[in-house]
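Worth knowing before you read on, the calculation uses all heavy atoms, side chains too, and leaves out hydrogens, waters and symmetry mates. This chain uses plain numbering: 1 for the first residue, then up along the sequence.
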Amino acid sequence: MPHVTVHIVPGHSEEEKQRLAQRLHQTVQQELKMDGDLISVAIREVDAENWPAFIRTVPDFYVRPKYLDK
């Protein structure tokens with residue numbers, strides 16, 4: 001079943017994270033034409049000072065951030 005994990009730096013409100021999770025859930029449901037009960041969404045925070053090392057460990061970008069091309 002689809003599971004989406006979003007990694008972000010701290011500083012976003014719980015309301016922002018809830019809204020993002022709901023919108024991602026809806027998008028996955030619509031795009032994959034699936035029952036919403038089968039989809040999960042998690043949001044994990046990565047401290048800003050750890051971000052550069054963390055992001056370079058991601059092996060399978062579908063959309064790659066431009067700053068990694070520098």
Side-chain angles (χ1 to χ4, degrees):
M1 307 315 146
H3 173 74
V4 177
T5 302
V6 176
H7 291 87
I8 60 173
V9 294
H12 300 278
S13 71
E14 195 59 34
E15 181 181 282
E16 289 172 316
K17 291 186 276 188
Q18 282 289 336
R19 190 170 51 244
L20 175 60
Q22 288 301 319
R23 288 183 178 172
L24 288 169
H25 184 269
Q26 290 170 347
T27 299
V28 171
Q29 186 176 6
Q30 290 169 353
E31 292 298 321
L32 299 181
K33 298 172 180 57
M34 295 190 74
D35 180 347
D37 291 341
L38 301 175
I39 301 163
S40 57
V41 178
I43 297 177
R44 294 189 178 160
E45 293 184 341
V46 176
D47 290 331
E49 61 268 10
N50 296 330
W51 188 265
F54 161 75
I55 200 67
R56 284 178 172 76
T57 67
V58 177
D60 51 0
F61 287 107
Y62 274 78
V63 177
R64 183 178 170 84
K66 299 262 187 239
Y67 62 82
L68 286 180
D69 295 337
K70 294 179 182 176

Between A48 and P10, the two heavy atoms sitting closest are N-CD, 4.4 Å
Validation: residues 22-36 side-chain donor-acceptor distances under 3.5 Å, sequence neighbours left out:
from : atom 1 : to  : atom 2 : distance (Å)
H25  : NE2    : G36 : O      : 2.8
T27  : OG1    : R23 : O      : 2.9
D35  : OD1    : D37 : N      : 2.9

Value for CD1 (I8) from CD1 (I43), rounded to nearest 0.5 Å, stands at 5.5 Å
Joining Ile, Leu, Val, Met, Phe, Trp and Tyr whenever any side-chain heavy atoms lie under 4.5 Å apart, the cluster holding V9 also takes in V46, W51, F54, I55, V58, F61, Y67, L68
Contacts of T5 meeting side-chain hydrogen bond (donor to acceptor under 3.5 Å, both in side chains) (sequence neighbours excluded), chain-then-number -> H3
Salt bridge (charged side-chain N to carboxylate O under 4.0 Å, His left out) pairs touching residues 40-64, sequence neighbours excluded, are K17-E45, R64-D69
Of E15, E16, E14, the one forming a side-chain contact (heavy atoms from CB on, under 4.5 Å) with Q18 is E14
